[in-house]
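To keep things clear, I will list the structure first and then write my remarks on it.
Order of appearance sets the numbers: ligands from 1, and atoms from 1 within every ligand. All heavy atoms count here, side chains included; hydrogens, waters and symmetry mates do not.
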Amino acid sequence: GKSGYDHYMLKEIHEQPTALRQGLSGRLDELSGEVTVDELDTVATPETIHFVACGTSYHAALYGVELFREAGVPAQAFLASEYATGPAPVPENGLVVGVTQSGETADTLSALREAQGRGAVTLALTNVVGSTAARECDHALYIRSGPEIGVAATKTFSSQLTALNLLAETVTDGATGSRDLVAALRDIPGDIQQVLDETTAEEIVDEYRDNESFFFIGRGLHFPVALEGALKFKEITYEHAEGFAAGELKHGPLALVTRNTPVFAIVTGDGERARKTIGNVKEVEARDAPVVAVTDGQSDVERYADHVLEIPETHPRTAPMLANVQLQLVAYHMADRLGRSIDKPRNLAKSVTVE
Ligand code: M6R
């Protein structure tokens, strides 16, 4: 059942600390700062890596790409539906990772079969033990999120990001992270709990309930979260929402920005990327757009924001997970205000088994 929550989606948002603890259990060695994942013992360091996925899982894949690139392994993410129908650019001596919560998504299975047919080593990053992807791939890495009933993927996305860190650490021999990352992963369930306990997402949505178009912007690892924030929002509120790389606004989308288009901007840290995103925030503010900053308070973005959704300070790898939880809550509470069918949005299915 829903354990007292109004919807499975809200229950599953609140299950994230537990889901991530399960996903990390026995896989982090805090003393040595090492990551050990038994399932990955026999996976060699690939020369290149491709991710294939759909929807939310594709956003997780975009995040995964960055982790491998940081470790010096060329990586690309593909929409599974495109990978399978075009001349698939399967890499030689490469690893093809299907990111699929259900392990049953037809487009992702086709892409993996195509890759396998061309001689690539395949790995399923999935939540479901014994799923088709898990059975057909050479390797499987389980995200251990527990069952997700709501059509909108929430806890499984967070579990995917966590597992992608484990994959990158293990397969690149710890070249991507450090003891700091292991410590941040250990703390992430508690940090998410803090966001859940202290969020003000429910309070801010009322002000925007009459708006019909919403934008989400972020840079670097926050770009996939901007895309995911917009997908979740459109999927359950039925309002128009789009995510952009913050720097792309001025290349077209800025034409849509008015006082009627709230912009959610993810800004953490106080580095180059934060400064540049704040520059983009100023551009939308100058067009009178309402700004909601999702931030850890390390920069002065709050000065340009109408509302702030705060997240605790953490490692740059884990900050996107915290920002995402705030955006999940924004989508949920807005959909709830609008009386939408949150757990079963119109036209959508939990598992898409047709191409
Ligand atoms: O089971 P999968 O991860 O392969 O599903 C892929 C997408 O259909 C899925 O992530 C979808 O975008 C989400 N349910 C949207 O919230």
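Y332 pairs by the ring-ring contact (aromatic ring centres under 6.0 Å, His included) definition with H7, not counting sequence neighbours.
Each ring-ring contact (aromatic ring centres under 6.0 Å, His included) pair with one or both residues in residues 116-136, not counting sequence neighbours, would appear here, but there are none.
Closest of all the heavy-atom pairs between P316 and L221 is O-CD1, 3.7 Å.
Cluster partners of L256, by chain and number: F215, I217, F244, L249, L254, V257, V263, V267, I278, V281, V284, V291, V301, Y304. The rule joins Ile, Leu, Val, Met, Phe, Trp and Tyr whenever side-chain heavy atoms lie under 4.5 Å apart.
No donor-acceptor pair closer than 3.5 Å links the side chain of R340 to the backbone N or O of P345.
Around ligand 1, the residues contributing at least one heavy atom under 4.0 Å from the ligand are C54, G55, T56, S57, T100, Q101, S102, T105, V151, A152, A153, K232, E235.
Between F78 and H50, the ring centre distance stays below 6.0 Å.
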